[in-house]
Peer 1: 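Input: one structure, supplied below.
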Amino acid sequence: MPFEDFMAACLYDPEDGFFGSGPLRSTKAGDFLTSPEVSPWFGRIIGRYVNATCPAGAVIEVGAGSGTLLRSLLAELSSPPAEVIAVDASPASRASVAAVDGVTLVAADLAEIARPVKGTIVANELLDNLPVAIAVRQGSGWEERWVGSGAEGLELVAAPARPPVASWADAFAGRVSDGGLVEVQIAAGEWVHEAVSSLASGSLVVFDYGGTAEELEPRRTLGTLRTYRNHHLGPDPLMEPGETDVTVDVNFTAMAAAAEEAGATVVIQRQDDFLTEWGLRDEVRTLRRSERELAQAGDTMARLQLRSEATDAETLLHPRGLGDFRVLIARVDSG
């Protein structure tokens, strides 16, 4: 079968998929932590962005997980949003986020939401989990890798490149040496196009790991496909289907093209730059100053609490960690 079908089943099958069944994944007791779980300042800073750009509109989070981001985002808003919608393919996530105060609708898919929307759509670490095809450079052309059955179990097998896969790779893979591997992210681009098209006005704000096509070129020898489980890199994606998170680095050049095709004005930033622009470094400095004052006053417990809060916020800005994530902002104006 095409690799994207295999990946979709591994992640979203309602009976055996990693996200389609089972517990919440983005928790300390689960398989990974994302920026909202690291520090509530992530959601607060996004709330400031919403306050400045579309304060009276709807707030929609896709891939809402446990609801951690929405809680901190909503607490930062200067006025109640028109509506608050949480979207997630995971039944466990939908059950969790339904308990978030202020949420007016919980859905399994963005397609369930009434259009057009005036507001802000937020997606944190969503696109990296959308199914990809695998293309391998062969001379001046491409060959796909599908999933087949061999003597020792599942294996990748060569297949002719389908025209949409080859076209996407030609457009967005960048320079790839012979034998180099590219994750073809057609589904992610279609999702971005759909999200932008749903907006009458407002913005789509996407956070994820990856880079532009040029930035991803050094990773094309072996590709970026990998798995996660229990907060560590997991086994080969073919070894334990449905038991691991399957993910890739997002090609933000392709995502920007999809957003622009849908009529948006696009900016791509690093996460640390976005968070700094909206005040996080200033908040960290304030926390550190307050920590020193509490140390002088001898209030050890309060000082340790502030130190932990500041350290967690700084983690969002780390230049070789979460700060190196990319942010795509796609704005749509009603005029």
Side-chain angles (χ1 to χ4, degrees), residues 1-22 25 31-32 89 125-192 208-211 213 215-230 232-255 258:
M1 66 171 67
F3 188 85
E4 71 267 25
D5 292 346
F6 172 78
M7 183 172 171
C10 288
L11 294 179
Y12 303 112
D13 181 85
E15 295 183 3
D16 299 307
F18 185 75
F19 293 116
S21 63
R25 302 296 184 177
D31 294 277
F32 52 82
E125 294 198 42
L126 170 75
L127 299 186
D128 62 275
N129 285 133
L130 297 186
V132 302
I134 296 178
V136 175
R137 172 65 81 182
Q138 298 290 342
S140 61
W142 301 94
E143 187 175 76
E144 283 193 59
R145 294 292 181 265
W146 287 25
V147 178
S149 180
E152 298 183 4
L154 298 177
E155 61 183 15
L156 293 178
V157 297
R162 292 164 290 172
V165 171
S167 295
W168 191 99
D170 283 335
F172 301 116
R175 294 173 295 181
V176 183
S177 300
D178 198 49
L181 190 148
V182 175
E183 297 88 14
V184 174
Q185 299 168 28
I186 294 173
E190 290 175 343
W191 186 90
V192 168
D208 226 313
Y209 41 86
E215 290 168 334
L216 293 174
E217 285 178 4
R219 308 174 207 178
R220 292 307 185 201
T221 302
L222 299 175
T224 68
L225 182 71
R226 57 200 182 275
T227 69
Y228 281 96
R229 182 171 58 195
N230 297 327
H232 296 286
L233 284 170
D236 183 283
L238 302 182
M239 290 183 63
E240 299 178 30
E243 299 296 323
T244 64
D245 177 19
V246 184
T247 180
V248 301
D249 285 6
V250 175
N251 186 319
F252 277 88
T253 298
M255 300 309 113

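This structure is a prediction, so every number in the text was calculated from the model and none was measured.
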Peer 1: Any idea which heavy atoms bring Ala254 and Trp168 closest together, and the distance?
Peer 2: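 Closest approach of Ala254 to Trp168, heavy atoms only: CB-CZ2, 3.5 Å.
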Peer 1: Grab the two heavy atoms, one from Val246 and one from Pro237, that are nearest each other, plus how far apart they are.
Peer 2: CG1-CB, 4.4 Å
Peer 1: Less than 4.0 angstrom from a charged side-chain N to a carboxylate O is my criterion; do Asp249 and Arg226 meet it?
Peer 2: yes
Peer 1: Is the backbone of Leu225 close enough, under 3.5 Å, to the side chain of Glu183 for a donor and an acceptor to pair up by distance?
Peer 2: yes
Peer 1: Under the 3.5 angstrom rule, does the side chain of Arg137 hit a backbone N or O of Ser140 as a donor-acceptor pair?
Peer 2: yes
Peer 1: Examine distances only and state if a side-chain atom of Thr227 and a backbone atom of Pro235 form a donor-acceptor pair shorter than 3.5 Å.
Peer 2: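 Judged by distance alone, yes, a pair lies under 3.5 Å.
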Peer 1: Are Thr247 and Tyr209 close enough that a side-chain donor and a side-chain acceptor fall under 3.5 Å?
Peer 2: yes
Peer 1: Identify the heavy atoms of Gly211 and Glu215 that sit nearest to each other, and give their distance.
Peer 2: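 Looking at all heavy atoms of both residues, the shortest contact is CA-OE1, 3.2 Å.
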Peer 1: Can you measure from CD (Gln185) to CG (Asp128) and round to the nearest 0.5 angstrom?
Peer 2: 9.0 Å
Peer 1: Report all side-chain donor-acceptor pairs from residues 9-20 shorter than 3.5 Å, counting only partners two or more places apart or in another chain.
Peer 2:
unit_1 : atom_1 : unit_2 : atom_2 : d
Tyr12  : OH     : Asn129 : O      : 3.1
Asp13  : OD2    : Glu15  : N      : 2.9
Asp13  : OD2    : Asp16  : N      : 2.8

Peer 1: Would you name the heavy atoms of Asn251 and Ala213 that are closest together and state the gap between them?
Peer 2: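 Nearest heavy atoms, Asn251 then Ala213: OD1-N, 3.9 Å.
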Peer 1: What pairs with Glu190 under salt bridge (Lys or Arg N to Asp or Glu O under 4.0 Å), at least two apart in sequence or on another chain?
Peer 2: none
Peer 1: What's the spacing between Phe172 CZ and Ile186 CD1 if we round to 0.5 Å?
Peer 2: 10.0 Å
Peer 1: Applying side chain to side chain donor-acceptor pair (under 3.5 Å), which residue pairs with at least one partner in residues 145-167 are found, sequence neighbours left out?
Peer 2: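 Side chain to side chain donor-acceptor pair (under 3.5 Å) check on residues 145-167 returns Glu4-Arg162, Glu143-Arg145, Glu144-Trp146, Glu144-Arg162.
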Peer 1: Give the minimum heavy-atom separation between Trp142 and Ala135, together with the two atoms involved.
Peer 2: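 So the minimum-distance heavy-atom pair works out to CE3-CB, 3.9 Å.
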Peer 1: Once rounded to the nearest 0.5 Å, what's the spacing between atom CZ of Phe3 and atom CG of Leu156?
Peer 2: 6.5 Å
Peer 1: Hey, what do you get for CG (Asp178) to CD (Gln138), rounding to the nearest 0.5 Å?
Peer 2: 5.5 Å
Peer 1: Between Asp208 (side chain only) and Leu127 (backbone N and O only), is there a donor and an acceptor less than 3.5 Å apart?
Peer 2: yes
Peer 1: Please name the pair of heavy atoms, one in Leu130 and one in Ala187, separated by the smallest distance, quoted to 0.1 Å.
Peer 2: CD1-O, 4.1 Å
